[in-house]
Structures are given as C-alpha cells and as structure tokens.
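Take a look at the structure below.
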Amino acid sequence: MKYDAIKSLLSTDKIGSTVTICGWVRTFRNDTFLAVNDGSTIKNIQLVIDREEVSEEIRKKLTTGASICATGELIESKGSGQATEVKVATLELLGEANPDEFPIQMKRHSLDFLREKAHLRFRTSTFSAVFRIRHGMTFAIHKYFNDNGFYNLHTPIITGSDAEGAGEMFRVTTLDIDNPPRTEDGKVDEKEDFFGKISNLTVSGQLEAELGAMALGKVYTFGPTFRAENSNTSRHLAEFWMIEPEVAFNDLVDNMDLAEDFLRYLVKYALDNFADDLAFLDEREAKENQSKPANERPELGLLDKLKFVADNDFERITYTEAIRVLLNSKPYKKKKFKFPIEWGIDLQSEHERFLVEKHFKKPVIITDYPAGIKAFYMRANEDGKTVAAMDILVPGIGEIIGGSQREERLDELVEKCKAFNIPEEHIWWYLDLRKFGTAKHAGFGLGFERLVMFVTGMGNIRDVIPFPRTPQNAEF
RNA sequence: UCCCCUGUAGCUCAGUUGGUUAGAGCAUCUGACUGUUAAUCAGAGGGUCGCUGGUUCAAGUCCAGCCGGGGGAGCCA
C-alpha cells in the first residue's frame, strides 16, 4: 500500500496535508501520544489520538511493537519535543504485540540480550541505525568503484580450489555422510561427489579477481566468504562479506593510495548521508564510555573519530620501522608487552594497538613485511627478505585491510609455491596468468563487517551483521 | 583451541563473615491524571537463585562436575 515515509514528513513543508503513516509503536503516552517508527529514519513521528475517535479497546492494544496504519493531518506540534505531528483521523491496528511476550520494551536492553533476539532487534534504534548504515556502506562501495572505472566481478562461492590458503574451509558435499560411497581401499570416493572432487566454500575471491583484473584492468569483488576457524572473538565471523579490488599495472604505492582514498570516501559518505543515525550512535557510545575507567575511554568520540579519518592522511611506515618504533617505546622499555619484539615476528594485537592508538593516533599502513609471515602470492622485494605487503590498521578494530602487490614473475612464483608446499597442478590456472601477458598488479581485501564496526562504533562484529554465524551458533 | 570473568523476577542488577518470609529500578497489570517526550503518581502480581551432586544444624552465598553467556589471546578480514 502507499504510505508516507516518516523521513519525508519530519521537515515542515507538508504541513496541512493529509498523510498516511504505517509503522510500529515505540511508546504510547498519556493515552494520547503515539510514537511510531517505520524504519525510514531513526526518528519517530508523534501521532495525536483523540480519545473520542479511537475506541478504548484499540487504545489498550497500542503497546510497544504493535503495527498500525493511520491517516490524518500533518500539523505543527504543540509540544516541544518535535516540530511536526499527525492529528489522527483514522487508525487501524494491524498486528498486536502482547507486552507479556514481546521482548523489546522501551528500556535499555543489553546487546547480548538482543543478540539472542536477532529476529526482533531490528526494531530497536541502535540496530535499525546500524543496518541502515550497513546498507549505505554497501551502496557507497559500489558507487565508489563504479565512479572510478572498476567492474564488479562475481567470483565463485563454491570453489574447487584449495590453494587460497586463507584459513580452514567449509566442505561442500552432496554425499550421504552416514553412508558415503567408498573406493576399493575403503576411502570415501570423492569422484562420486557432486563436482567429482572435493569442493569448499570460498575463503577469498582474490585469485579469481586477479584473473579478471588481467583483462578488465580494474575489478572488485563484493561477496560472502567463509572461514571454518574456531575463532571466538568480537572481530571474527564464520560467514562474512569481503570487498577485494584488484588492479592491473598497480604497484604497492598505487595500492595504498587506492585503499586510503577508498576508506576515506566511505567514511565521508557515512558522515554526509547518515548524520541522524551517526549522531544517535555517537551518543550511545558516549554513554557506554562513561561507565568505563578513564584509561580505557577512547580519546575521540565516534563522530570526531570519523571526521578525523576523513580529513587526515594515514600514517605509512614499513614493518622494519614499526619494529624500531616498538623497540623504542615506553611499554617495551617498561616490559609492558606480553609478547617479545624482534624483526621477523608477526605483530601482535598489543603491538598494533600501541602503534595505532597510542603512538600515531590515526590509521596506520604498515608495509613490507617479512616474507615468512605472509602469503605465497605476495611480490618479493629486492632486499630478498620482505614482500610488497600492506596492512591498514585502524583504532579500536585493528586490521581492517590486508593487501599486496602480487608476484607477477613466473619463476619467482613457482619458487614460492615450492617453499609453501603448494603443488603447481593445483593452481595451474593462476600460474598461467604469469605465462601469458603478465604484468604487475595489486589488490587488497576489506572486511565489510569490520568497516561497519568502525563506522558505527559497535564493539562486537556480531552486532553489525543481521544474523551472525560463529562457532556453535547458526540460529535463524 | 587457551586464559579470565559471569549465570538471582520479562530486562538491568544488588544480596554482608553461610542464618528468619530473597530485594531494587525498569517492564507488565489495576486505578488516578490528561500536551506527553523512555510522562508522572498510587497500588498489585511476578523467583525451582543455570543444572547435578557434595560440605553443613542451616547454602543464592562454600566445594566439585556439567551446561550457557561474555571478555581477552591465537588465527585473520
């Protein structure tokens, strides 16, 4: 049915016109004032009900969560809390929400509690704001790439490639697991499976994206990825969405320039288009921080943090410099770090957090990591020790982007495969790219949910995806 | 997978060195009020204290095991 989005009515230019509101009741005060939200904005509209017009039977059922549709005149509000309100002429109760059973009441609920009510948490201000912004980020990502000459590439979700090396994979099979077909020597006969071989859910579209980039020039993927790691943290999901641009003829510096421009564009987009939702989340975060001890509070609130990122260049340092900074740091000298620091180790969370939150106080791009701690496809540097890799770290989240210039030299890549125990016949097609018209190219992966965490200030990744998939949990 | 914390009303939490009938705020219900802003005021209902076992005259409180939730670490995005 046709109805007026609340978002379109909150400005006063439609005063005097008859409007139709459909939405869900937030509160009903004084048996007269009905706050209704329809999801078009974080703001509610106030419906004013004449008790002569709407029966007591209906009024009793206007409880939090009930759905209604009403028509009436849009008028200037006599109250001070809002500019406009609707003088109700007709009101239809569409669906009741029994207050004894409906779990979302007008009070502060913990995020833990709402996580267990994921089917209803959209009805809260916090989650509706988060998911509006999540949509906005999806749209802005496609817009950025489209405006900059990239082509969106759909890489496979089910993959027969087992060389991606990004983590444990989910097996995909149509075999009867209680009674699988077996070969003569008693092993499960993989040839009988749907694809005639072992297949899995993808952990990354990067290798396929490289194939696209080496013909279309600039491509990006934006799709679901799956990791069967037993990770129990507030920053990991078993099913998450990833953006992976890949650009032909780009080197590591081009790659960093792209990643930084891209991230800052997205933050600006959120500030420009989701001001109401961000203002609400900013206040929410501020209230939450009040209960924290002073030394755990971030120096900048959400909005200030986003503005700072939008307006300032990221810090760029090499891994080797980062190690030097850490070795000269106060916490290192006072032995506050739990993990040792020496050239060659992978940076721990505590080290990354120090660099980003205490030392530079801004997003940091770390480049040129030791070859031994990075993936096989990253391009070997001239020093023979490091590779052309880059990670972008942001305050509060840690690593949000990981990328590299890819190894385009066939001989070097074949050597790397040997060193990493990857049989050439498994990635013959990836090696073919270096045999025929090879060229330097680079790309990165951005974890979409980590981006949404950063932009919304939410502290747990399970609160920025509608239905999170984590170990031991696939509810809904 | 490892370490730490935690489980008391629908929700958020308090509950002393073990001691009478387990409390508060919000939510709900009843009534009052009627231009309210998470309205207010008065009253009421609501509990197998996660589960199982143990110590004790006595366990929400102490001990053990199990189950659930959270935080941190590793792996990474």
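Each chain gets a letter, A, B and so on, in the order the sequences are listed, and its residues count up from 1. Note that these values count all heavy atoms, side chains included, but never hydrogens, waters or copies made by symmetry.
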Residue [X], side-chain heavy atoms: nucleotide from [options] that is nearest:
X: Gln46(A); options: U36(B), G71(B), U37(B); value: U36(B)
X: Glu229(A); options: C75(B), U28(B), G70(B); value: C75(B)
X: Glu116(A); options: U34(B), G69(B), G35(B); value: G69(B)
X: Lys60(A); options: G72(B), G35(B), U30(B); value: U30(B)
X: Ser231(A); options: U37(B), G70(B), C75(B); value: C75(B)
X: Arg29(A); options: U37(B), G70(B), C75(B); value: U37(B)

Rounded to whole angstroms, how far apart are [atom1] on [X] and [atom2] on [N]?
X: Arg235(A); N: G71(B); atom1: CZ; atom2: P; value: 11 Å
X: Glu350(A); N: A73(B); atom1: CD; atom2: P; value: 9 Å
X: Asn98(A); N: U28(B); atom1: CG; atom2: P; value: 11 Å
X: His109(A); N: A9(B); atom1: NE2; atom2: C1'; value: 15 Å
X: Phe33(A); N: C33(B); atom1: CZ; atom2: P; value: 16 Å
X: Asp112(A); N: U12(B); atom1: CG; atom2: P; value: 8 Å
X: Ile397(A); N: C76(B); atom1: CD1; atom2: P; value: 18 Å
X: Ile104(A); N: G10(B); atom1: CD1; atom2: P; value: 16 Å

### Message
So, under a plain 3.5 Å distance rule, would you say the side chain of Asn232(A) forms a donor-acceptor pair with the base of U1(B)?
### Response
yes

### Query
Looking across every strand, which nucleic acid part, if any, lies under 4.0 Å from Leu451(A) by heavy atom: base, sugar-phosphate, or nothing?
nothing

### Message
Classify Glu85(A) by what it touches in the nucleic acid, base, sugar-phosphate, or nothing, heavy-atom distance under 4.0 Å.
### Response
base

Base paired to [N] (Watson-Crick or G-U; both N/O distances under 3.5 angstrom):
N: C62(B); value: G54(B)
N: C2(B); value: G72(B)
N: A27(B); value: none
N: C33(B); value: none

### Query
In terms of heavy-atom contacts, does OH of Tyr151(A) have more than 12 from other residues, nucleotides or ligands at under 6.0 Å?
no

### Query
Do the charged groups of Glu449(A) and Arg134(A) touch, with an N to O distance under 4.0 Å?
yes

### Task
May I ask you to establish whether Lys117(A) and Phe122(A) are in a cation-pi arrangement, using a distance under 6.0 Å from NZ or CZ to the six-membered ring centre and at most 45° from the ring axis?
no

### Summary
salt bridge (Lys or Arg N to Asp or Glu O under 4.0 Å) with Lys374(A): of Asp368(A), Asp346(A), Asp391(A), only one passes, and it is Asp391(A)

### Partner of Phe145(A) under ring-ring contact (aromatic ring centres under 6.0 Å, His included), chosen from Phe222(A), Phe150(A), Phe139(A)
Phe150(A)

